[in-house]
J.: 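This structure is in C-alpha cells; I'll ask about it shortly.
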Amino acid sequence: MKIAVIGAGNVGGALGKLWAGKGHEIMFGVPDPKSDKLAALLQSIGGKARAASVAEAAAFGDIAVLATPWPAAEAAIAAAAGRLAGKILVDCTNPLAPDLSGLVIGTDTSAAEAVARWARGAKVVKAFNTIGAANFADPRFGSAAASMFIAGDDAAAKSVVSGLAAELGFDPVDTGPLLAARWLEPLAMLWIHLAFKQGLGPTSHAFRLLRRQV
Ligand SMILES: NC(=O)c1ccc[n+]([C@@H]2O[C@H](COP(=O)([O-])OP(=O)(O)OC[C@H]3O[C@@H](n4cnc5c(N)ncnc54)[C@H](OP(=O)(O)O)[C@@H]3O)[C@@H](O)[C@H]2O)c1
C-alpha cells in the first residue's frame, strides 16, 4: 500500500518505519520535510520512505495516518488541502491536556469525530492510540498480543486498518462506529496514567480484550 504518514514523531516515525519494513511505500507529510530530524529518520529506514509536504503526502497515499499532536491536527488536515477525500484516514491522536492531566474534549464527542468533520469525505478510522508507540515494534506481552482497538463508520476501511495492525502483531478489535472513539480516547488516558503517573513506564503494559465462547 501507499501510506501517507502525517507527522513523523514517536507514532508516525515508528509506524512508517515498521510498515516500510513490511514492504509498504511510505511518504511522511511534515511541515519541514528537509529537517535534520527527517533526514535521520529516513536514513534509519534505509531509503524505503520519503518525506514531503503534507499536501504531497496526502496526494500520494492510498491511505493516510494522522499522527500529529492534537493542537496541530486541524492545521495538518487543512494542509492536506482536500486530498484526503475518499481515502482512509487513520486517526492516532489523543486530545491530551498539555500536562497529561486529562483529555481536553471527550465522552460526548471525540478527537476522531472532530477529525472526520475537518477531513470532509475521508473514511476516518480511530486506531493506534491506546498503547504507547514504543510498543508498536513488539506488541507481544508474554504469549499474548496486545489488542489494537479500532473504530470507524466504514467496514471496508476498518478491515484495511485491522490488516495493518495485524501485520505489526496486534490483535485487532473492531469496537464499532467512529463514535466508539469517545471510549477509546479515555482508554488511552488510562494507559498514559499507568505509564507516567503510576510508574509502569512506557513498555510494560497493554490492554487486551479477553473473549470466551458463550
Ligand atoms: N507517543 C505515543 O506513544 C502515542 C501513542 C498513541 C497515540 N499518540 C498520539 O499520537 C499523536 C502523535 O504523538 P507523537 O508522540 O508521535 O508526537 P510527536 O513525537 O511530538 O510527533 C509529532 C509529529 O507531528 C509533526 N507535526 C506537528 N505539526 C504538524 C502539522 N501541522 N502538520 C504535519 N505534521 C505536524 C511534528 O513535526 P515537528 O517535529 O516538525 O514539529 C512531528 O513530526 C498525538 O496526538 C498523541 O497523543 C501518541
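For ligands, and for the atoms within them, numbers begin at 1 and follow the listed sequence. If you read the sequence from its start, that first residue is 1, and numbering goes on from there.
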J.: If the plane angle is over 60° it's perpendicular, under 30° parallel, otherwise tilted; pick one for W191 and H205.
T.: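 Taking H205 first and then W191, their aromatic rings lie parallel (interplane angle under 30°).
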
J.: W70 and V104: side chain to side chain contact (heavy atoms under 4.5 Å, CB included), yes or no, with the steps?
T.: CA-CA 10 Å; W70 174 243; V104 295; 3.9 Å; yes

J.: Any chain of hydrophobic side-chain contacts (each under 4.5 Å) joining I6 to I63?
T.: no

J.: Could you check whether any side-chain N or O of R120 sits under 3.5 Å from a backbone N or O of A85, counting only pairs where one atom can act as donor and the other as acceptor?
T.: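 No, R120 side chain to A85 backbone: no donor-acceptor pair under 3.5 Å.
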
J.: Using a 4.0 angstrom limit on heavy atoms, which residues are close to ligand 1?
T.: I6, G7, A8, G9, N10, V11, G29, P31, K37, V54, A67, T68, P69, W70, A72, A76, C92, T93, N94, L96, F128, N129, I131, G132, A133

J.: If only atom types and distance count, is the side chain of K123 paired as donor or acceptor with the main-chain N or O of A156 below 3.5 Å?
T.: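 Pair absent, no side-chain N/O of K123 close to backbone of A156.
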
J.: Let me see the working for K126 and E185 under salt bridge (Lys or Arg N to Asp or Glu O under 4.0 Å), right down to the final yes or no.
T.: CA-CA 9 Å; K126 188 87 201 180; E185 292 163 10; 2.7 Å; yes

